[in-house]
Undergrad: 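My structure is below; once you've seen it, I'll send some questions.
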Amino acid sequence: MPELPEVEVTRRSFADRIQGSVVRSLHLGKPLRWPLGRAPDELVGCEVGAVLRRGKYLWLPLRRADPSGASGGDEGGLLIHLGMSGSLRFGADLGPRGPHDHMELVTSRGQLRLTDPRRFGAVLWGPSTTLGWPGKLLSGLGCEPTDERLDGRYLQARLKGRRTPIKQALMAGDIVVGAGNIYACEALFRARIDPRTPAGRLSLARCQRLVDEVRSVLAEAIELGGSSLKDFRDAHGAQGHFQLSTAVYGREGEACRVCLSPVKRVVLGQRATFFCGNCQKR
DNA sequence: AAGTGGACCTGCTAGC
DNA sequence: TGCTAGCAGGTCCACT
């Protein structure tokens, strides 16, 4: 479900409220994508720091209260990924846990609950040196869309020699993070680039246009509260509205909003891909 | 190295 | 109504 905008909207909806709270307990349901790591007992009593996002990952720093008053100490945290179907809620009383609630962090200010029916999500516990950034697990991730280093020249250099379709290169996350299936389709539509175009063949001008459109589509989606295709909610339970404005995603056969020709659907890298064959060129 | 395809797991929908 | 096949927003891994 969640691409970068949904993760960021989720983060913003609970980060301020949870920061400064103290962990009382952690409840785990069925196992998720990766094992949790060390025994979670040690995070009881920790104070929650500022929640950060990197790509589609959230990092919840947890610092052990130090009775001696000395600063420092080993800092750890929870690394959370929402997978395809995950969502987080934070509240003072979320009611009884359901069969798809696989993680709940009970704090002095409320419960942070991960609901994830498909269990492609992940919760990892570990020291910031291995899970936080700059950490090993996230080291393969590309630029944040807001990163100043990211421009047409950078993108073109990274795509050089790749024959894979540009859409797959965009979604791979090793060059730019955050554009999943919906936003990759939308950004390519806005940039008027056929998603099947071999990545290494894009001109500098088209790379620049693509960077600009990836940035703007993600920023707009965050502004609108994310996409609520099916069931996305932020940690307050509020829905997003971006899906009302998709130009191509999920619109096979419907009229292109620019030229009125029918939106096409193909499969690239086993993912449904939507585009306008008239507006988008190789 | 880069590309491809399968795997993970469950719920929903369209079609028979 | 009930069954089945196909589909879904993400990532990792093994293989060519």
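Sequence lines set the chain letters: A, B, ... in the order given, protein chains first and strands last, and positions in each chain run from 1.
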Undergrad: Can you list everything that forms a side-chain hydrogen bond (donor to acceptor under 3.5 Å, both in side chains) with A/Ser25? Sequence neighbours excluded, please.
TA: A/His27
Undergrad: Mind checking salt bridge (Lys or Arg N to Asp or Glu O under 4.0 Å) for A/Arg209 and listing every partner two or more places apart, or none if nothing turns up?
TA: A/Glu213
Undergrad: Expressed as a whole number of Å, how far does the P atom of B/dA1 sit from that of C/dT11?
TA: 23 Å
Undergrad: May I have all residue pairs that pass ring-ring contact (aromatic ring centres under 6.0 Å, His included) and include part of residues 186-208 of chain A, sequence neighbours excluded?
TA: none
Undergrad: A/Met171 CE to C/dC12 C1': how many Å, rounded?
TA: 14 Å
Undergrad: Hey, is A/Asp151 close enough to A/Arg153 for a salt bridge, meaning N to O under 4.0 Å?
TA: no
Undergrad: Looking for any heavy atom pair under 4.0 Å, which part of the strands does A/Ala122 touch: base, sugar-phosphate only, or nothing?
TA: nothing
Undergrad: Round to the nearest Å and state the distance from A/Leu141 atom CG to C/dG10 atom C1'.
TA: 12 Å
Undergrad: Which pairs count as side-chain hydrogen bond (donor to acceptor under 3.5 Å, both in side chains) when at least one residue sits in residues 272-282 of chain A, sequence neighbours excluded?
TA: A/Lys167-A/Thr273
Undergrad: Calculate the interatomic distance between A/Arg265 atom CZ and C/dG6 atom P; express it in whole Å.
TA: 13 Å
Undergrad: Please state how far atom CZ in A/Arg271 lies from atom P in C/dC12, giving the value in whole angstrom units.
TA: 13 Å
Undergrad: For the P atoms, the ones on C/dG6 and on B/dG6, what distance do you get once it is rounded to whole angstrom?
TA: 14 Å
Undergrad: Apply salt bridge (Lys or Arg N to Asp or Glu O under 4.0 Å) to A/Glu254 and list each qualifying residue two or more places apart in sequence or on a separate chain.
TA: A/Arg251
Undergrad: Take the protein atom CD1 of A/Ile182 and the nucleotide atom C1' of C/dG9, then report the distance between them rounded to whole Å.
TA: 5 Å
Undergrad: Please list all pairs meeting ring-ring contact (aromatic ring centres under 6.0 Å, His included) that have one or both residues in residues 77-118 of chain A, counting only residues at least two apart or in different chains.
TA: A/Tyr57-A/His81
Undergrad: A/Phe274 has an atom CZ; how far is it from atom P of C/dC7, in whole Å?
TA: 11 Å
Undergrad: Using the P atom in both, what is the distance from B/dG5 to C/dC7, to the nearest Å?
TA: 15 Å
Undergrad: Test of understanding: with salt bridge (Lys or Arg N to Asp or Glu O under 4.0 Å), list the residues that count as partners of A/Arg215, not counting sequence neighbours.
TA: none
Undergrad: Kindly write out the residues that satisfy ring pair (Phe, Tyr, Trp, His ring centres under 6.0 Å) with A/Phe274, not counting sequence neighbours, or none if the list is empty.
TA: A/Tyr249
Undergrad: Take nucleotides 3-10 of chain B nucleotide by nucleotide from the 5' end and write B, S or -, depending on whether a protein heavy atom sits under 4.0 Å from the base, only from the sugar-phosphate, or from neither.
TA: S-BB-BBB
Undergrad: Please state whether the phosphate of C/dG10, meaning OP1 or OP2, lies under 4.0 angstrom from any side-chain nitrogen or oxygen of A/His81.
TA: no
Undergrad: Let me check I have this right: for DNA chain B, each base becomes ., (, ), [, ] or |, based on Watson-Crick or G-U pairs with both distances under 3.5 Å. What is the full string?
TA: .|||||||.|||||||
Undergrad: Grab the N/O contacts between the protein and nucleotides 13-16 of chain C below 3.5 Å, and write none if there aren't any.
TA:
none

Undergrad: Check each of A/Val258, A/Val217, A/Asp212 against A/Arg190 using the side chain to side chain contact (heavy atoms under 4.5 Å, CB included) test, and report the only one that passes.
TA: A/Val217
Undergrad: With A/Cys185, which of A/Asn181, A/Ile182, A/Leu188 fulfils side chain to side chain contact (heavy atoms under 4.5 Å, CB included)?
TA: A/Asn181
Undergrad: Under 4.0 Å from OP1 or OP2 of C/dG9: is there any side-chain N or O of A/Tyr183 that close?
TA: no
Undergrad: For residues 96-115 of chain A, which residue pairs qualify under salt bridge (charged side-chain N to carboxylate O under 4.0 Å, His left out), counting only residues two or more places apart or in two chains?
TA: A/Arg97-A/Glu104, A/Asp101-A/Arg113, A/Glu104-A/Arg113
Undergrad: Between C1' on C/dA8 and CG on A/Leu82, what's the gap in Å once rounded to a whole number?
TA: 16 Å
Undergrad: Send over the distance from A/Leu159 CG to B/dA1 C1', rounded to a whole Å.
TA: 15 Å
